[in-house]
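Data block below; observations after.
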There are 2 protein chains.
Amino acid sequence: MQKRCRQGQSWWQPKFQGRGYRMTVPRQVILEVLSGTEKHLSAEDIYLAVQKSYPHVGLTTVYRTLELLADMGVLFKFDFGDRRARYELAEEFQVKKGHHHHLVCTRCKRVIDYTEFIDQEKELLEKTERGLMEKYDFSIEKHLIQFYGTCGKCRKKTV
Amino acid sequence: MQKRCRQGQSWWQPKFQGRGYRMTVPRQVILEVLSGTEKHLSAEDIYLAVQKSYPHVGLTTVYRTLELLADMGVLFKFDFGDRRARYELAEEFQVKKGHHHHLVCTRCKRVIDYTEFIDQEKELLEKTERGLMEKYDFSIEKHLIQFYGTCGKCRKKTV
DNA sequence: ACTATTATTGAAAATGGTTTTCATTATCAA
DNA sequence: TTGATAATGAAAACCATTTTCAATAATAGT
Ligand SMILES: [Mn+2]
Ligand SMILES: [Mn+2]
Ligand SMILES: [Zn+2]
Ligand SMILES: [Zn+2]
């Protein structure tokens, strides 16, 4: 899809214009942090990363920006069960990852992205969505699929 | 619903024995509340319901009991995005509901249980689980599927 | 470039669901 | 009945997130 711009111009610039939103330094830096990782970062993770280059940016701004970006559909917000929200750039803005779902270790909270069987899942999900939208008069915007279990490392630790 | 002789305590009794767990009044009442509803209750919902018959039971105990029961697999804990955990008796202990997934309205937070396409989902999920377990050395214990969108009522309210 | 408008910011304080502490009570095997 | 200890409740602590509010900075209009 789209590719990350290296220099001055940014792919997200147009997203902010025309809606009364302004492109600011904190927002750019936060987007850069999210663009430059494959991890699922928490607000504090992002805050700490941002601080390395822009120490004046506050945690509040990070929270506010993340909420805005999530509402705009630029990033996804997840709950993996470790009591804090985690964020990931939406698929269309990710360089490497495509549409994927998650495998969550309930012990160490590690998250694995997987893409296996995604096409079949997608097919079934679309059929399901169509059926449900009609039956329940519900307009579906997105879906969430996660598997929970124990990763190999954690399984070896406990007898 | 009265004080002394509780007859409904049959099926969960064995769950507590043999592991050092004790069957107490608060636990029984909490299980009765969960058994007697089809809603997805929060800890406070349950606390308030319990208080009607047993006013001395504290919120802390409700939280502790819910955690224990969730760990035991007797109930499921969900996050529907309204900043509080919600609980539902596990399928095998539900009277009316079978295996189902959720449709969540992101505006009013209403939750709809659906069972449509569940068989096909189940089939695909089992195949997916087998594949993922092998590839990622991950023992999958459960899955989560939720659809997010806007319910009919909320859509009509929109400006 | 200058200015007016107002979206955005950061520090601090508040919020609120959940967890911890700790002294007391209730359960259950012996 | 009794002793060991699991469970409880009130209060306090926790902590991720939100709100407040005065100050600042990004845009549009000139
Ligand atoms: Mn991911
Ligand atoms: Mn349900
Ligand atoms: Zn693990
Ligand atoms: Zn709704």
How many Å lie between [atom1] on [X] and [atom2] on [N], as a whole number?
X: A:Y21; N: C:dT6; atom1: OH; atom2: C1'; value: 15 Å
X: B:I30; N: D:dA7; atom1: CD1; atom2: C1'; value: 12 Å
X: A:Q17; N: D:dA28; atom1: CD; atom2: C1'; value: 13 Å

OP1 or OP2 of C:dT19 under 4.0 Å from side-chain N/O of A:R83: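 Yes, such a contact exists.
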5'-most by nearest nucleotide on DNA chain C - B:A85 or A:H56: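 Whichever sits nearer the 5' end wins; that is A:H56.
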Of A:Y47 and B:R86, the one whose closest DNA chain C nucleotide lies more 5':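 First, find each residue's nearest nucleotide; the 5'-ward one identifies A:Y47.
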Given D:dG9, C:dG10, D:dA7, the nucleotide with the shortest approach to the side chain of B:T24: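 Nearest to the side chain of B:T24 among the choices is D:dA7.
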Side chain of B:A43 (C-beta onward), nearest among D:dA16, C:dT18, D:dT8: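 The listed nucleotide nearest to B:A43's side chain is C:dT18.
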Donor-acceptor pair between B:E88 and B:H100 side chains, under 3.5 angstrom: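 Short answer, yes.
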Pair B:Y47-B:Q51, side-chain donor/acceptor within less than 3.5 Å: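 Distance-only check passes for B:Y47 and B:Q51.
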Could you tell me whether the side chain of [X] has a donor or acceptor atom within less than 3.5 Å of a complementary atom in the base of [N]?
X: B:R22; N: D:dT5; answer: yes
X: B:T60; N: D:dA11; answer: yes
X: A:R64; N: C:dG10; answer: yes

Value rounded to 0.5 Å, distance of CE in A:M72 from OG1 in A:T65: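 Reported to 0.5 Å precision, the distance equals 10.5 Å.
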Option from B:F76, B:F80, B:F147, B:Y148 for which ring-ring contact (aromatic ring centres under 6.0 Å, His included) with B:H102 holds: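 One option only clears the test, and that one is B:F80.
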